[in-house]
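Step one of this worksheet: look at the structure below.
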Amino acid sequence: MPLSNAADDPFTKLAQNLGELEIVIGERARPAIAGVRERLRDAIACRERGDMAGSIAAIRLAMAQLAALGSTLDPEEGAVMRTIAERFANALGAGHKGDAKTSVDVMRRKAGDTKDDDDKDW
């Protein structure tokens, strides 16, 4: 399944921006980044078929993989990523879309994107 239109989807934007980590970290990041992208694709697919619990679970897995990668480079950064991912999943699960969007913006910045998502219609 191809990633959806990046202009419309914050998770796709996050997945695409993970390429910056591959450049910075190098070849050893490639398998972890591929796993994160696959989980984000799973999250998008679950969301599109109305399976929010499955989408949240896939996002948790993606962020856990990303945090594990961060931990190999910098244990403190890995801990920060785990906290952000947990806040995101909890906010989305509770229906707090604004808090979830804020977490996604933080994750995107950590993945190399310097802009926040201007789309207010989550």
Side-chain angles (χ1 to χ4, degrees):
M1 177 182 90
L3 288 173
S4 61
N5 184 351
D8 298 329
D9 193 285
F11 302 126
T12 301
K13 290 177 189 177
L14 175 61
Q16 290 177 339
N17 290 328
L18 291 171
E20 295 294 322
L21 287 179
E22 286 182 86
I23 293 168
V24 171
I25 299 169
E27 185 66 31
R28 65 186 172 152
R30 185 164 287 158
I33 298 294
V36 172
R37 282 188 175 127
E38 187 60 31
R39 298 298 74 74
L40 291 172
R41 285 184 186 103
D42 293 345
I44 292 166
C46 286
R47 184 190 62 204
E48 288 176 356
R49 64 176 182 268
D51 179 7
M52 287 309 292
S55 183
I56 292 169
I59 291 165
R60 281 184 196 264
L61 287 173
M63 296 305 105
Q65 288 177 309
L66 191 56
L69 176 60
S71 291
T72 64
L73 302 169
D74 180 346
E76 288 180 24
E77 184 68 15
V80 168
M81 289 301 292
R82 281 191 298 279
T83 299
I84 294 166
E86 198 59 32
R87 284 184 184 168
F88 169 78
N90 291 339
L92 198 57
H96 300 149
K97 292 182 179 182
D99 292 342
K101 182 187 174 312
T102 298
S103 294
V104 168
D105 287 338
V106 172
M107 286 185 265
R108 287 178 53 213
R109 283 191 300 274
K110 293 245 177 232
D113 188 350
T114 59
K115 295 184 244 170
D116 288 341
D117 184 6
D118 292 331
D119 183 10
K120 305 294 184 218
D121 186 27
W122 268 46

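Residues: numbered from 1 along the sequence shown.
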Which atom pairs, donor and acceptor, lie under 3.5 Å between side-chain atoms of residues 50-58 and protein residues at least two apart or in another chain?
| residue | atom | partner | partner atom | Å |
| --- | --- | --- | --- | --- |
| Asp51 | OD1 | Gly54 | N | 2.8 |
| Ser55 | OG | Ala43 | O | 2.9 |

Inset, instruction - Please report the closest heavy-atom contact between Ala100 and Phe88, naming both atoms and the distance. - result: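 Heavy-atom minimum between the residues: O-CD1, 3.2 Å.
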
Legend entry - Non-hydrogen atoms of Ala79 and Ser71 that approach each other most closely: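 For Ala79 and Ser71, the tightest heavy-atom pair comes out as N-OG, 4.4 Å.
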
Inset, instruction - With sequence neighbours left out, write down each residue that passes side chain to side chain donor-acceptor pair (under 3.5 Å) with Glu27, or none if nothing qualifies. - result: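 Once residues adjacent in sequence are excluded, the partners of Glu27 under the side chain to side chain donor-acceptor pair (under 3.5 Å) criterion are Arg30.
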
Inset, instruction - Starting at CZ of Arg37, measure out to CG of Leu40 and round the result to the nearest 0.5 Å. - result: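 The CZ atom of Arg37 sits 9.5 Å away from the CG atom of Leu40.
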
Legend entry - Inter-residue atom distance Lys101.NZ - Asp105.CG, 0.5 Å rounding: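 If we round to the nearest 0.5 Å, Lys101:NZ and Asp105:CG are 4.0 Å apart.
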
List the atom pairs, donor and acceptor, that lie under 3.5 Å between side-chain atoms in residues 59-69 and the rest of the protein, sequence neighbours left out.
| residue | atom | partner | partner atom | Å |
| --- | --- | --- | --- | --- |
| Arg60 | NH1 | Glu86 | OE1 | 3.2 |
| Arg60 | NH1 | Glu86 | OE2 | 2.6 |
| Arg60 | NH2 | Asn90 | OD1 | 3.4 |
| Gln65 | OE1 | Val36 | N | 3.4 |

Legend entry - Polar contact flag, side-chain donor to acceptor under 3.5 angstrom, Arg87-Thr102: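 No, no side-chain donor-acceptor pair sits under 3.5 Å.
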
